[in-house]
Amino acid sequence: MSSKTHEIAHDVAEHPVHGTAIYWWIGLYLTLVTGGEIACFYFEHVIGPWVTPLILALSAVKFALVVMFYMHLKYDSRVFSGIFIFGAALGTLAITGVTILYHVLDVLR
Amino acid sequence: MATTTATAAIPAPAVAQPKTGLWSWITTVDHKRIGILYFWTSLSFFLIAGLEALLVRTQLIRPDNHFLSANWYNQLFTMHAVTMIFLALMPLMAAFFNYVVPLQIGARDVAFPRLNALSYWIYLFGGLFLTIPIFLGKMPDGGWFNYANLSEPAFSPGLNIDFYVLGLQILGLSSIISSINFIVTIINMRAPGMRLMRMAPFTWMTLITAVMMATAMAVLTIALTELMFDRFFGAAFFDVSRGGDPVLWQHLFWIFGHPEVYILILPIFGIISEVIPTFSRKPLFGYNVVIFSGILIGWLGWGVWSHHMFAVGLGPIADSFFAVSTMLIAIPTGIKIFNWLATLWGGSIRFTTAMMFATAFIATFTIGGISGVMHAAAPADLQQTDTYFVVAHIHYVFFGGTVMGLFAGIYYWFPKMFGRFLDERLGQAHFWLTFIGMNITFFPMHFLGLLGMPRRTFTYADGLGFDTMNLIATLGSYLIGLATLILAYNVVRSARAGKRAPANPWGAAMLEWAMPSPPPEYNFATIPVVRSRMPLWEGSNVLAEGIPHGREMEDTEEVTFAGAKLGKVSYPDDENIMSADDLGIHLPPPSVLPILLALALSLFFASFLGSHWLSLAAVICVALLVFAFAFEPGHSGH
Amino acid sequence: MDSAARAADPAHLDTSTGLDSRKMAFWTFIGSECLLFGSLIATYMAYKGASVTGPCPHTTLLWNGQQCPGILDIPLTSISTFDLLMSSLMMVLGLAAVQRGNQKRAAIWLGMTAFLGAIFLGFQSYEFTTFWHEGLTLQTNLFGTTFYTLTGFHGAHVFVGVIYMTVLAVLAWRGKLGPEKSLNVEIGGLYWHFVDVIWVVIFPLVYLIP
Amino acid sequence: MMSRVEAVRVRSARERGPAATIVSRLRSLAVRAVPGLLTLALAACGGAETFPQTTFAPKSDYAIQIDHLQMLTIYLGVGVGVAIFCILAFILLRFRHRPGAPEPKHVHGNATLEVAWTLIPAVLLAIIAVPTVRTIFATQAPPPADALEIDVRGFQWWWQFGYPQPNGDTIFTANEIHVPVGRPVVLKLRSADVIHSFWIPQMGGKRDVVPGRTNEIVFTPLEEGVYLGQCAEFCGSSHALMKMRLVAHKPADFQKWLAHQAQPAAEPTDSAVMVGKKLVTAGACAGCHTIDGTSASFGKTAPNLTHVASRTTIAAGVLANNARDLTAWIHDPQSVKPDARMPNLGLKPDEIRYIVAYLQTLY
Ligand code: HEA
Ligand code: HEA
Ligand code: CUA
Ligand SMILES: [Cu+2]
């Protein structure tokens, strides 16, 4: 098979190069961040109006950790990242669009 | 070096493929045969949808007419639109995706042949499911966008809307599966050297369309699911008494619906970008720009949905945002129009029927686009929305755009698909009747709208000044009907008895014309190496040497263009064509699972009209068939 | 995957990107699913606080000034969230084991994944039945409608995943998931992690944000 | 003023044979075919006499603002369209294949041209976009304090108009909205069932009437007259038959009209009419209809009949307000208006005669 056929091929390793330890670490981070989210919820009165963005930021971190490490996007082809980010971006667009229309510009409801 | 032996030669499976007969069509996984199935099925639905339109027009031929009752009228205009969009035009495009795209990228088949068959069968069953209510007199009657809360059980208790909801769920499934298949095919199955920026424009537009389809259809699925839950399980999504907001349906529907209308035009942009260069003997002007403007349209199409909702009262900020974002889309679209004009400029234009449709498309689509921009001026749209001005816009973009473009595609690719030309004399008659008929039908609708005729009205009173223009429109629609009958006759006759077509009858540039018409089941005997964006026009020796057709040399004649050898004429019934087995090419074996799985999936949705036990049985069938699918010998994928 | 197996498989035949077609198809499917859940979440967000009667997710005031008791059980759901995250960990470990050819171990990890998934479903059924008894049904109010639909859709995905993982675990146990088949597990993993990631979005939006 | 109203009065289709109408219309079509579209275009700009629902004869400040914008888009659109057609026609004639002609040069593109045809449309669009945004904000501005507020409620398939009074009462009428000239009017749009859309073209753009929301239209009628409109959002079987009309009065006339509408229903003097009154107020009618000043005072789901005889049409502009049409309506509402929400009560012809006699006194 000539390498010419691999036009946008990245030399992708079939297996991640590292061992499984990193997965355990990620698992730990996920647990900690989840703990952080829940703490935010319970200390809402302390944190004030910043809870919502804070919780959203924490969950974005979790999202990124799972997608990058458990779903291997960090190591895998950029084509996959592109496809996923496209879908995720449109999904986010739909959510934010509707949320803005209903909760920011809700002139008549 | 012109060829590679990239294909690993695998011994053919022991079971020989059945080549003819009903069973071979039912179990086929060949993209070309599936394309042909799509072709005939969607044309049939086109006739049905057109007939529904003619009934609608007949009712409107004069004021206070009693040809149709309100109930029938409302069902017919709804089914006209639903059938046209989901059962006729989208699948007709799928016919070309299926037939042409793998050939254009130099592939042996799509990435997942069985999923491809599955998509077709789901489409067919979904279409048949939506045909049942015609005989019950219970067709969907809420308009094609089926606004809540009129569609709630409280206001539409009958089966009509159930058929809409379930039917579109089935069809959406088909679209999602096939779009995923085409995305992967185009990204992953290209011949060596077929870089992204060497792909034929039609392939490019198919890719963008497929991406929009895979995403937009998911939104429709959810909108329908919510309505389904309201209708079947008493959920409160759109129930005003429990705080539900019917406007949410509008948002969800149009988040899908606007990308949907671009799904219906982008492949046409691809077709036009093939036909115009071919018949003006010039490469597409500004290839890169045409491709990127297509991508831009695909993106911007996601941020304009509320232009269908200017009258809802979303407030001035939202209205302004959506008005301006909508207007922006005119820029990339205009770029395409201008690049086509520049392609024609200085060309040597040959008026085949395909070319006539393509050039007429430029004119009629521009009219539709401009009325679109008029809509985008939100305050002006408050006068225009929900009037015949919108109906005029719809039909100038859908008929003057999509249908004219598809007609161009039919005349262009028919020789490739069936090995025979469509009759050009009938073609010319078809063209002129269609072109004149559509303008007579739809142009007066602009005036009707601005003079105050609302759409979706089963009748109108005398004295409002609508009579003459409606009469004209109706007479025009009969002309289109006549034209369509000519087309129907032409395709049916020519498929069997048309003039034989050589490999590259039009002297076109793209890879699909490098094979005999129709191509053998394995497409390319050896996968070609692509060196150019226009493989048959540039470096023509690549073709002469590089793409053997699986036949003896002496049976071919050369096609020349501008003194250069382009390809070889070949004849479909040629005894010397070698089969895939002879060539040692492995093709996936036929499979009966796609049709069974499609049946089970359709049954699942249909079972909502029956009992929960039926649903359960359907789910179990689906699960078992999915297992069988995953483990079927000779196939991969899931 | 060894080259013989690769060659026998038309979907793998020298793809133009060198990437596996099935994996690409699966990522595309996930892209599509993003919009599926995106629309459901958008609906939930649009209707947040729009119920005309209780019960409500969090204790709030209704439009008519009445106190509406909060119904969500944060500690319970925190545990099930943790459970689902850990199932993702089991999943990657399972994949790693398959890739190393350690099928028995892979079977255990995959079985654990399915098991933790089942636990999550258990929590969810418990939650649903409790809410049911407290008077929240699909029909009660907008919160009930959107909550059950969104979390139910997610739960259905988990259910499919549990079956998927069980099948993989059984295959591995029977020694039918050698390293050459690791792609099957990888795709199963993508599915599982995606379902997990959706929960990562749902959990704060539905449960934590007031 | 009334002549147009008469012209629009619904003529029953049975009066003329279908074939005859079509032939005569074909003949008139042939006569008009010569000037063709030009005539149509002129007619389009032409008066509300021929086209009572035209958008080209704006008669309120709101409609005029829209008209300016709409005309701008029309001029610009026609200009762009004609330009494209001319270029296309030129190309198709000039560059058609001629036998023996050399093969065309292979040109692949031109960056300057690409930039040009990106910028020119962008400029043209900006010319539309700026007034668009300006008009959006101007036409959706909050109503002035002295605006006359009218409650509009859409029902399947008729309109209810309510005039809130300083004393807290509301005066109801149906399908005919009366306004004074020169004073801003704010319509509060609500729906009783599904989505409708309020549209009187000469008074301005339409606005959806969405259940669960209250929408607004603000406009100042500028000229006396009767203006026709109809529901513009598909709302079920009889969407086509959900019409209305707006009557713009001199302010003094409007006050007179309003004062009259505030009166309770006229008391019958005639004995036949008395029978009719009893049938209506003691019968099923009262379950839905209200007639102020009688015992029928609780119906909320049907047009208020207190002054039904003062209206030009009944059943949302579908029938004339005369004995024959009233009889036809009460006899069988669904045959007039498919799925009409008023039941066919199976009344005897005599009873209907009495009822109609009574209704005709409710001036
Ligand atoms: C193939 C389908 C298709 C396409 C391509 C389009 C293209 C466009 N549409 Fe259309 N649209 C529909 C199908 C389509 N539409 C349908 C079906 C509906 C009605 C749905 C329903 O209610 O049932 C609808 C409704 C619709 C509305 C809502 C109307 C209403 O209900 O009130 C609006 C409003 O903005 C709109 C705008 C546009 C615009 C701006 C474009 C633009 O993309 C057009 C761009 C093209 C051009 C402008 C022409 C070429 C450009 C040039 C030559 C450059 C120079 C031009 C200028 C500077 C103006 N469309
Ligand atoms: C998608 C593309 C598409 C196409 C191609 C068409 C084609 C046509 N449409 Fe359609 N139309 C829509 C999409 C389309 N339409 C949509 C989306 C709506 C909005 C619906 C809504 O409001 O919800 C609409 C609405 C619509 C209306 C408005 C209805 C209303 O608002 O009340 C009208 C009225 O004239 C109309 C007419 C026509 C006509 C005359 C044709 C003609 O081009 C048809 C040509 C005729 C034929 C192709 C028939 C040929 C067949 C025979 C002569 C008989 C042979 C028969 C058999 C053997 C079975 N259409
Ligand atoms: Cu009310 Cu249409
Ligand atoms: Cu749109």
Side-chain angles (χ1 to χ4, degrees), chain B residues 62 64 66 70-71 143 147 149-150 155 240 245-246 281-283 285-286 289 311-313 316 319-320 323-324 327 330-331 334-335 338 341 344-350 359 362-363 366 370 374 377-380 382-383 386 447 450-452 454 456-459 461-465 471 562, chain D residues 7-8 10-11 13 21 25 40 44 50-55 66 69-70 73 77 80-81 84-85 87-88 91 95-97 101 103-104 106 108-109 114 117-118 121-122 125 128-129 132-133 135-137 139-140 194-195 197 201 205-208 211-212 215 230 232-234 236-237 240 338:
Chain B
R62 64 195 192 96
D64 299 316
H66 288 271
N71 281 325
Y147 273 179
N149 56 343
L150 180 60
F155 299 103
V240 178
D245 181 18
R281 297 286 187 247
K282 276 181 70 206
F285 194 90
V289 185
V312 165
D319 283 358
S320 304
V324 173
M327 288 178 193
I331 296 176
I335 289 176
F338 292 121
L341 290 175
L344 288 165
W345 187 278
S348 171
I349 301 172
R350 276 149 236 245
T359 46
I362 298 186
T366 300
I370 287 171
M374 291 171 63
L382 295 180
Q383 290 286 24
D386 276 310
F447 298 113
L450 295 177
L451 294 173
R456 302 172 155 190
T457 46
F458 75 96
T459 189
D462 208 351
L464 294 169
L471 175 62
Chain D
V8 183
V10 183
R11 232 174 284 158
T21 9
R25 215 155 265 125
L40 284 179
T50 340
F51 304 106
Q53 290 186 180
T54 179
T55 63
I66 291 184
L69 182 64
Q70 180 164 280
T73 63
V80 171
I84 301 271
F85 301 151
I87 300 172
L88 182 64
I91 292 176
F95 297 109
R96 54 191 317 157
H97 168 71
E103 280 298 327
H106 279 197
H108 287 273
E114 302 288 356
W117 57 54
T118 308
L125 289 169
I128 305 179
T132 295
V133 173
T135 314
I136 289 176
F137 279 90
T139 53
Q140 296 191 27
V194 301
I195 306 179
S197 194
K206 56 186 79 63
R207 181 68 48 192
D208 287 354
N215 269 343
Q230 70 187 93
E233 182 68 80
F234 184 68
S237 318

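All values derive from a computational prediction rather than experimental measurement. Below, chains carry the letters A, B, ... as their sequence lines are ordered, and counting in each starts from 1.
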For D/P338, is it the side chain, the backbone, both, or neither that has a heavy atom closer than 4.5 Å to a heavy atom of chain B? side chain
Using non-hydrogen atoms and a 4.5 Å limit, figure out which bit of D/F234 sits close to chain B: side chain, backbone, both or neither. both
Which atoms of B/A378 approach chain D - backbone, side chain, both or neither, heavy atom under 4.5 Å: both
With D/T132 via side chain to side chain donor-acceptor pair (under 3.5 Å) - residues at least two apart: none
Taking the side chain from D/K206 and the backbone from B/L382, do they hold a donor-acceptor pair closer than 3.5 Å? yes
Minimum heavy-atom distance B/V324-D/V133, with the two atoms named: CG2-CG2, 4.0 Å
For B/D386, give me all partners under salt bridge (charged side-chain N to carboxylate O under 4.0 Å, His left out), at least two apart in sequence or on another chain. B/R455
Are any side-chain N or O atoms of B/T366 and backbone N or O atoms of D/G81, one a donor and one an acceptor, separated by less than 3.5 Å? no
Heavy-atom proximity to chain D below 4.5 Å, by part of B/I370: side chain
Of all heavy-atom pairs linking B/A380 and D/L69, the shortest is N-CD2, 3.9 Å
For B/Y147, is it the side chain, the backbone, both or neither that has a heavy atom under 4.5 Å from a heavy atom of chain D? side chain
Considering only heavy atoms, which portion of B/N71 lies under 4.5 Å from any heavy atom of chain D: side chain, backbone, both, or neither? side chain
Nearest heavy atoms of D/F51 and B/G465, plus distance in Å: CE2-O, 3.1 Å
